[in-house]
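Down below is the structure, laid out as structure tokens.
Values in this document were obtained by computation on a predicted structure and should not be read as measured data. We count ligands from 1, going down the list as the structure has it; atoms in each ligand are counted the same way.
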Amino acid sequence: MHPFLDLPMHVSAQWRRAPYALALLACAAPAALIAQPGRGGGGGAGGAGAAAGGASPSNALPALPKGPRAMMLRDWYRVANLSNPAVSPDGKRIAVTVTRAVEADNRRHSEIWVVNAAGGEPQRWTSPSTESSNPRWSADGKYLFFTSQRAGGTGNTWAIRLDQPSGEAIQVGDYPNGSMPSDGSFAVFTDAGRPAPTAPSPDPFGQMQPMARPPFEAITRPSVSARFDGRHVVDMSYKVNGVGFVPGRRVARTWRPTQIARQPIGDTTKKVITSTAYSHRGPVVSPDGKWIAFTADSRLRPDSVVDRERDSLATLPYNKVRDEAERNDADIYIIDANGGTPRKLTDWMGAESQITWSPDGKQIAFIGRPGRTKNSNIYVVDAAGGTPRALLGNWQYEPGNFDWLPGGIQFTAEIGGRSAVLRADMSGKSLPTELVSGRRQLRGASYDESGKTLAYVATSMNKPTELFVASGDGTGERQLTNFNKDVNADVVWSDAERITYKSVGNLEIEGWLMKPYGYEAGKKYPMVIYIHGGPHSSYGEGWFDEFQNLAAQGMFVLFTNPRGSSGYGAPFTYSTRGRWGMEDYQDLMKAVDIVSVRADVDSTKMGATGGSYGGFMTTWMATKTTRFKAIETDRTITDWTYWYGSSDAQGLTEFEFYGKPWDNQKLYDELSPIRYVNKVKTPMLIVQSEEDHRTPMGSAEIWFMSLKKQGVPVELIRYPRSNHDLSRTGEPWLLVDRLGRLRQWFGYWLQGVQPGAVAN
Ligand SMILES: CC(=O)N[C@@H](C)C(=O)N[C@@H](C)C(=O)O
């Protein structure tokens with residue numbers, strides 16, 4: 001997975017005009033310290049940042065040696081991750097979330113830091129004793145809002161006052177969260193209302209834990225409530241990866257369609273201006289404050305009708321004509337900012353998102369995806385109506401977030417494994433121009449009100465994230481922070497060479513080969529191929545702990561984006577539909593072919609690893625080739641019918657495999673590695689999280705037992721308190737333990753390192 005996958009996307013134009021706050025409540029948080037780097041408990045801009053002191057397992061470990069040297073496992077705790085940059089409206093300051101691990105406490109900690117756009121030391125603005133993230137400035141410069149779960153308030157939006165001496169963070173009720181007109185006089189937002197009050201009736205099962213209570217319309221009941229503490233399930237969606245088990249409804253289903261509300265700034269009175277049976281989504285007010293654009297059902301049908309239709313369609317067998325037909329589920333509407341009857345802006349086939357008014361209020365832009373497997377594009381349409389025109393023409397790639405600045409539309413995009421900030425040609429005649437690019441990944445492009453200052457977080461293969469600032473047109477870039485200075489000074493991060501190659505059907509595939517630490521020309525090194533999940537995600541030009549971990553162990557790390565990956569346009573992404581394990585497998589093996597003939601790669605010492613779809617692919621590979629001397633399969637899928645029944649994401653294979661298992665059983669079976677497990681000879685490490693509801697344990701268990709019963713070397717590591725995202729957001733000690741297992745497994749099989757001898 002690429003390292004940014006968990007980070008929220010950049011602060012959009014609406015956000016810059018729409019600071020977020022909630023009800024007026026007592027100031028209660030611990031001091032919102034304005035700290036100099038290195039002072040106080042949070043670690044400095046260049047410091048390691050991990051909390052020290054207190055009895056903990058980490059205290060028993062020796063201090064890390066000074067570098068330059070290879071990455072050791074515990075260096076993982078020292079890497080700071082920056083996200084969500086936000087430029088102040090006047091362009092003078094930039095706030096950013098800084099997240100570090102606190103090794104001694106086995107947790108992560110996030111703070112807001114602020115740095116002058118002109119340069120200088122970053123300052124910590126939020127407390128080291130509470131979690132704070134996602135900063136955003138109010139348009140009038142009065143507040144810096146951020147997200148935090150602090151005691152003594154409601155909701156999670158807190159503010160630091162900027163226009164007068166400040167102290168602790170507060171909550172403000174007269175500065176609502178929403179889209180604002182240019183004069184900042186009011187905000188609009190969606191409001192789901194409150195459930196209608198019902199007379200409390202005694203609940204005979206009230207003492208039971210929520211999952212144990214009989215859900216609405218359940219037929220069975222506990223014989224003695226106090227003696228049943230299991231889970232009673234009647235709804236289809238009863239577990240979600242990362243959330244856990246979800247109790248069923250206990251009352252009849254009701255609908256509360258989201259309405260549009262508006263609230264003046266400086267006032268706590270909210271006015272709901274719509275009252276409909278359909279929901280309004282993403283309302284955005286025009287710059288003059290007269291109109292609100294939003295998306296809603298294309299026929300403005302009540303939510304109850306839309307939901308029931310979807311539920312009943314979901315029970316039907318796959319039907320090519322119906323299920324492959326283009327759909328128009330939503331359209332954009334415009335309503336008077338005081339309420340009234342909405343006018344449909346345009347009947348546009350497909351899905352619309354990110355509605356944005358032009359600065360003069362005459363036009364509306366949106367991201368449109370004409371069909372599930374078609375490229376998205378930026379579309380512009382007159383606010384009076386008409387046919388939307390695409391700005392990016394037949395560009396191969398797809399836009400991420402965009403801003404309509406005074407000078408035109410700028411957006412971020414993934415261009416294969418790298419990312420860039422681009423300017424669209426407003427006539428739609430030319431391809432977009434790259435403003436900020438290079439072999440790296442950029443996230444969170446944020447502009448000041450004038451569009452003259454641009455900030456973003458950037459990373460490249462051997463550089464963890466830092467904050468950068470440039471002029472709005474991308475010129476004059478400067479690095480503003482150096483939070484990773486100390487770890488960068490100690491650890492020699494490996495770089496990777498970019499490769500491209502032609503695979504089946506002459507399709508060009510992008511990949512990278514990372515050099516082992518301490519590489520010396522004339523020597524041969526083992527190589528491990530990494531396979532990403534999804535399959536619609538990608539690897540790219542950013543620092544990634546997993547690759548650095550194996551490169552530090554002295555191995556080449558090969559990683560590619562086979563067909564099915566995201567970032568190369570929708571036709572590439574969806575070209576593997578119904579064909580997983582076929583051409584995508586060949587794309588991966590082709591990369592192995594190319595790399596394995598290099599003089600510096602030891603083709604007799606090759607390994608493979610991957611998670612989720614990559615876990616499926618590694619077990620699939622194990623059934624097809626003995627080229628690899630060892631494999632690690634992570635959060636794996638070995639039987640698609642089992643996966644369909646036990647996962648929280650049935651929609652994935654219903655779409656990718658053209659229906660439910662019983663609609664297309666042959667395909668589900670043929671693509672299941674377990675059918676060919678008798679062919680496996682390669683030693684395999686299986687890593688699986690106990691609470692993974694996306695790719696549940698059974699696939700790993702049957703793979704483990706099958707290899708054991710055949711005498712193939714296999715180990716199964718089951719991580720507690722962990723879900724599908726262990727390798728990304730899991731408990732730090734477990735996450736690092738997993739990195740260690742990977743080093744040890746490949747160290748043993750590819751390098752002959754004896755058990756227990758791999759350095760920590
Ligand atoms: C859509 C989805 O969840 N797919 C999984 C099977 C998967 O491959 N997930 C990826 C993103 C992962 O790395 O976990």
Carboxylate-amine/guanidinium contact Arg281 Glu352, below 4.0 Å: no

SB check Arg418 Glu510 (cutoff 4.0 Å): no

Got an N/O contact under 3.5 Å between [X] and ligand 1?
X: Ser612; answer: yes
X: Thr695; answer: no
X: Arg694; answer: yes

Are the side chain of Arg369 and the backbone of Lys374 linked by a donor-acceptor contact shorter than 3.5 Å? yes

In ligand 1, which numbered atoms sit nearer than 4.0 Å to a non-hydrogen atom of [X]?
X: Arg635; result: 12 (C), 13 (O), 14 (O)
X: Tyr613; result: 7 (C), 8 (O)
X: Leu652; result: 4 (N), 6 (C)
X: His724; result: 9 (N), 12 (C), 14 (O)

Looking at Phe655, does the NZ or CZ of Arg372 lie under 6.0 angstrom from its six-membered ring centre and within 45 degrees of the ring axis? yes

Tyr574-His536 aromatic ring centre distance below 6.0 Å: yes

Can a non-hydrogen atom of Glu656 be found less than 4.0 Å from any atom of ligand 1? no

Does Gly534 come within less than 4.0 Å of ligand 1, judged by its heavy atoms? yes

Between Phe657 and Trp580, what is the ring plane arrangement, given parallel below 30°, perpendicular above 60°, and tilted in between? perpendicular

How about Ile702: does its CD1 atom have over 12 heavy atoms from other parts shown lying under 6.0 Å from it? no

